[in-house]
Amino acid sequence: MKNILAIHTGGTISMSQDEKGGVVQNDENPIDNNDILGLSDINVINDELMNLPSPHMTPETMLQVTNRIKQAIADGIDGVVVTHGTDTLEETAYFLDLTLPNTIPVVVTGAMRSSNEIGADGVFNFKSAIQVAASDEAKNKGVLVVFNTGIYAARFVTKTHTTSVDTFKDPIYGTLGTVDHDQVVFAQQLIGSEYTAINRVVDNVYLLKAYAGMTESLFEALDNDQTKGIVIEAMGAGNLPVVTLPAIKKILDRGIPIVLVSRCFSGSAQPIYAYPGGGIELQNLGLLFCTQLNGQKARMKLIVALSCGKKGKDLKDYMANALS
Ligand SMILES: NC(=O)C[C@H](N)C(=O)O
């Protein structure tokens, strides 16, 4: 029988609706109860590591999850499920992907409806995640996200809807597989591990979104020695309003890395346009292009990179390719 460690961190999957209709945290986690799962062939060990709404998660709390999983791997666990709020689930899942060795299945899940709401999806997603974590096929695929029958790569999955149970999607590669009525089926093989060991996380790494009419002001506010790195969600294929460039140049002159992704839902920032503020000028200025990751994931990757001291070409190569 496989032993699966379920690390609970909070989020709607652990919450319930109160008498006024608001969704709130519980003292007791409603899914921390193996009887409701109906899984006689898998031994689930629950660990209430924290109980946070996921907007309260930080890189520090994510590192606590990484360290708990490393300890479980050392203790010989067969697989791990992390339950998590959905708002920042993709950030934690990708952080785990970057900071854990690719040895056992690690699956992140959550819920869109709390435990006592009609159509609550928590128990179903939790059970599906455990089944994936116990599957031999789930090994060697990096950290996975299981949600509403889909199995996704943590590296690319993103929350696409504020309330629908069918919210998690991978806009580039789709699902890796499904949990089809108790059967775990993988249709795609992924992906090279990007494992980096870190034991601390740098702070003051920022994420800015470009918009029509953006000026220098936000960049000027970040032009100081406390800033460690910036990710910009640029327009389209990777372009910015030209008036932002003088302030960006000053930040780069301080040696602070600036990473460029696209604010588009799908596709990558690339140096295509040669007009002022276009991708070619941005590349020449020294901005680092990061392909295929969205802004929040590129920020996690930059935090991991800076936390283990990457710089120069090493940093540029690490940020450049999400499929390495
Ligand atoms: N569905 C959810 O889990 C959303 C919740 N606000 C959270 O992220 O904690």
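All of these numbers come straight from a predicted model, not from anything done at the bench. Just so you know, ligand 1 is whichever comes first in the structure, and atom 1 is the first atom listed for that ligand. Scope of the values below: all heavy atoms of this structure, side chains included, with no hydrogens, waters or symmetry mates.
For the pair K301 and Y318, the distance from NZ or CZ to the six-membered ring centre is under 6.0 Å and the angle to the ring normal is within 45 degrees.
Annotation: atom 5 (C) of ligand 1 to nearest protein heavy atom, T12 OG1, 3.4 Å. Scanning all protein heavy atoms for the shortest distance to atom 6 (N) of ligand 1 gives D87 OD2, 2.9 Å. Ranking the protein heavy atoms by distance from atom 8 (O) of ligand 1 puts S54 OG, 2.5 Å first. The nearest heavy-atom contact from the protein to atom 1 (N) of ligand 1 is T86 OG1, 2.6 Å.
No donor-acceptor pair under 3.5 Å is formed between the side chain of T175 and the backbone N or O of I151. Remark: the backbone N or O of N148 is paired with a side-chain donor or acceptor of N125 at under 3.5 angstrom. Looking only at distances, a side-chain donor or acceptor of N204 sits under 3.5 Å from a matching main-chain atom of Q226. At distances below 3.5 Å, not a single donor-acceptor pair connects side-chain atoms of T61 with backbone N or O atoms of M57.
Side chains of N43 and I45 form a contact here, defined as non-hydrogen atoms less than 4.5 Å apart.
Among the atoms of A111, some N or O lies under 3.5 angstrom from an N or O of ligand 1.
The G11 neighbourhood of ligand 1 comprises atoms 9 (O), with distances under 4.0 Å to a heavy atom of that residue. Residue contact check: P53 has heavy atoms under 4.0 Å from atoms 9 (O) of ligand 1.
Residue G110 places no heavy atom under 4.0 Å from ligand 1.
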